[in-house]
Amino acid sequence: MWSFFARDPVKDFAYEVLPDTQEKSGIWTLHRGKRKTNGEPVSVFVYEVAQGTELQTQLAKAAFKRMKTLRHPNILAYVDGLETEKSLYLVTEQVTPLAVHLKAQAEKGGSGELEVSWGLHQIVKAVSFLVNDCHLLHNNLGVWSVFVDRAGEWKLGGLDHVAPEQGDPSGISLPAPKAVYPDMEKYDPPEMSNSSGEKWAGEVWRLGCLIWEVFNGPLPRTSSLRSLGKVPKGLVPHYCELVGANPRARPNPARFLQNCRAPGGFLSNSFVESNLFLEEIQIKEPAEKQQFFQDLSDNLDSFPEDFCKHKVLPQLLTAFEFGNAGAVVLTPLFKVGKFLSAEEYQQKIIPVIVKMFSSTDRAMRIRLLQQMEQFIQYLNEAAVNSQIFPHVVHGFTDTNPAIREQTVKSMLLLAPKLNEANLNQELMRHFARLQARDEQGPIRCNTTVCLGKIASYLNAGTRQRVLISAFSRATKDPFPASRSAGVLGFAATHNYYSITEIAARILPTLCAITVDPDKSVRDQAFKAIKSFLSKLETVSEDPTKLADVGASSSWAGWAVTGMSSLTSKLIRNAPGTEGLAPAEGTGLASDTSPTIATNEAAAPGTFVPLLIAVKKQSSDWSSSGWDADDSWSNEKEGQGQSSAGEEGWGNDWGEEDTDMTLTNTSVQLPDGVRLASDYNWDSSSAAKGTGQNDLFASVSQRNPSDGWSAETTGDWGAEESWESVDGNQGLSKTELSKKKRDERRKELEAKRAERKAAKGPLKLGARKLD
């Protein structure tokens, strides 16, 4: 009577069995399932008592009990279970039968040897654990008893026939597999069960059958083991030992594993080594972890995708968050990120990246800026403005020129996501300071270039207030490439200027540099003047064409291509910017003697690179997205402005200026001057070798002889606000001097009057008393 009112225990079970897919696995049926509370995917092995024999029910209950008590990383993990009068439910981690996995891999081109080698390593290790540590015999080893989790790792299951070596003390003996399944007899070893061989002889024989089936498919008969088929050559001698006719000659599973791990063996490869390191990473020394993550980046390309996503990625995230791995995890982290969907990237990697930007580690900051192109599309505007940009702007005032340069370059990618205040106020303030006061010419040049590229994202008021002043200042820069950038900036942003501004402000500035000492600057100035004059002339002939001329961008196509070639040749192609060698730990250092091309020694048209000449290394200083868009047209979609490719920007640069070949002239570095890659800016890298000077600790002052005098620059460096640059436009040098003297005289008179009012009239002949 009470059984009538009792609740069904299956309904109270914490897991839900999904009936859509099921696979037969011995006496069990494998279902997909999920936890009812959070939807976590699991696998559920179900045995229906009514559908099995009494012998099978005995095996199912034995396997249920054994799964609860056996715990090992290479044995199928028990999660939960339920035993009722009608059925048994065995919940494990989410897995797929090995036969199904191999079939799916064959459809994709077959499993690689790396994946199979690690899988066999795990199964042999599990068998060794049972035989040598637990003194148990599996008695059911085969393809049907191996399962694969979502990371591609192989797990040993099928524990239905597991029994102690010396027999069950209780006297209950489980039937052999062939007693339940007659076709299993072909997997039995040739010797009698009561032979004098080692206890593991039958286990390693079945291991040999498993290896044969992994490479050749289902075993038709026992005699087929003699034909090797597709068994790899490196595994053949060890495989032959497993299926030898003499049971005493068959090796212990532990010795078989040791033999295969010998140099040149099938289990001796980078994939197995990486997996073994990851399994013990918690007890490794910090230096070992650093070296491992540095080497891991090169190996990831050959590793299976699922392994990278589900095993390497969690270890990388854990190493950064709890292991103080630092910047060394970034390169492998972004490589693994390519395998993730957009949703997975948002959930797993973006929170870590946001946290990384708050790090004070310089190596971390520089690598984040270098590789921003790989994750910028996954960042939302709110995170960029509130959590990332406030940390990035510190790079504008960093004492290391390389960080300042990378920070400027990163603005090309961040600008579309910045809000009104950060873009039009905060960023413009830093750009004004860099362009006016930075001691590195290429950084001033890059600031001008970047301003031209992000001009389309600025609001109209900021463009009117900033662009002409900024590009005018650039034309007064002592660095030739900066002057070129100023000219090209004018031309590339021509559609933002009225004809009045062109006539009154831009053309006078351009005319002043038609006598520039650098021929490339003069050539670009003449082209810009012709283009602007052509525009004014067109409007003068027909005022109705004003709107058409303002919207057209094809007339200044040479400027866009010129600006892109200027930055690419200046930054990327220059021998001094190919890369910096990563030092041990997180530091970066240069290992060559410094040479640089200076303004005085450079031939006309030669641009000076920021970084000194160093060997090509794995860290590319120019690969951070600086050339993410090779045209000046970075307009947002939907604003009615077409791109460079659509309107033919840059199509005629090669025809009109084929002689503009940029070269780099290397001469000895002047005394007291050190540039970007000279600085040992990470203290951790100093330990790499003794006797290295800390170049970063002594940042050099500007040499008065390098063209930075007030007379040469036209007071270029004295202004930090762009609005005041062209306030004295059109005045001669004599008039400017007179104006300054008048201002100084008025200032002195005001001070005298203030002092006189405070102390009263002075008396002649009065003696000061002590």
**Student:** Do any pairs count as a side chain to side chain donor-acceptor pair (under 3.5 Å) and have a residue in residues 212-234, sequence neighbours left out, and if so which ones?
**Tutor:** Y187-E213
**Student:** Would you call the rings of F303 and F307 parallel, tilted or perpendicular, where under 30° means parallel and over 60° means perpendicular?
**Tutor:**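 Judged by the thresholds at 30° and 60°, the geometry between F303 and F307 is perpendicular.
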**Student:** Using the test side chain to side chain donor-acceptor pair (under 3.5 Å), find all partners of N132 that sit at least two apart in sequence or belong to another chain.
**Tutor:** S128, N252
**Student:** Any non-hydrogen side-chain atom of V127 less than 4.5 Å from a side-chain atom of L141?
**Tutor:**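 V127 reaches L141 side chain to side chain.
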**Student:** Just checking, is any N or O donor in the side chain of H72 or Q122 under 3.5 Å from an acceptor N or O on the other one?
**Tutor:**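 No pair is found: no donor N or O on one side chain lies under 3.5 Å from an acceptor on the other.
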**Student:** Does K289 pair with E285 as a salt bridge, N-O distance under 4.0 Å?
**Tutor:**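 The answer is no: the pair does not qualify as a salt bridge.
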**Student:** Exactly one of V329, L330, T331 should register a side chain to side chain contact (heavy atoms under 4.5 Å, CB included) with S297. Which one does?
**Tutor:** T331
**Student:** Mind checking the CG-CG spacing from L137 to L130? Nearest 0.5 Å is all I need.
**Tutor:**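 Interatomic distance, L137 CG to L130 CG, rounded to 0.5 Å: 8.5 Å.
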**Student:** Between R66 and D160 (salt bridge meaning N to carboxylate O under 4.0 Å), is one present in this structure?
**Tutor:**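 Salt bridge: no.
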**Student:** How long is the span from the CG atom in L219 to the CG atom in L225, to the nearest 0.5 Å?
**Tutor:**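 Answer for the CG-CG pair, L219 versus L225, is 5.0 Å.
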**Student:** Would you find more than 12 non-hydrogen atoms of other residues, nucleotides or ligands less than 6.0 Å from K284 atom NZ?
**Tutor:**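 Yes.
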**Student:** Measuring from atom NZ of K311 to atom CD of E153, what distance do you get when rounded to the nearest 0.5 angstrom?
**Tutor:**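 Between atom NZ of K311 and atom CD of E153 there are 3.5 Å.
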**Student:** Does this structure show an ion pair linking D80 with R35, if we count only N-O contacts that are shorter than 4.0 Å?
**Tutor:** no
**Student:** How about CD on Q258, more than 12 heavy atoms from neighbouring residues, nucleotides or ligands closer than 6.0 Å, or not?
**Tutor:**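 Atom CD in Q258 is not packed in, count stays at 12 or less.
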**Student:** Run the ring-ring contact (aromatic ring centres under 6.0 Å, His included) check on F64 and F45 step by step: do they pass?
**Tutor:** CA-CA 10 Å; F64 189 89; F45 292 83; over 10 Å; no
**Student:** I need the L257 CG to R255 CZ distance, nearest 0.5 Å.
**Tutor:**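 Separation between the atoms: 12.0 Å.
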**Student:** Quick check for you: to the nearest 0.5 Å, what is the distance between Y239 atom OH and L207 atom CG?
**Tutor:**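 Reported value, rounded in 0.5 Å steps: 10.5 Å.
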**Student:** Is it true that the side chains of N269 and E273 contain a donor and an acceptor less than 3.5 Å apart?
**Tutor:**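 Not at all, the side chains of N269 and E273 share no donor-acceptor pair under 3.5 Å.
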**Student:** Roughly how far, to the nearest 0.5 Å, is CG of L159 from OG of S145?
**Tutor:** 8.5 Å
**Student:** Not counting sequence neighbours, which residues clear side chain to side chain contact (heavy atoms under 4.5 Å, CB included) with V17? List them please.
**Tutor:** H31, V44, Y89
**Student:** On the 0 to 90° scale, with breaks at 30° and 60°, tag the F292-F277 ring pair as parallel, tilted or perpendicular.
**Tutor:** parallel
**Student:** Just say parallel, tilted or perpendicular for the rings of F334 and F375, cut-offs at 30° and 60°.
**Tutor:**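 Answer is parallel, since the angle falls under 30°.
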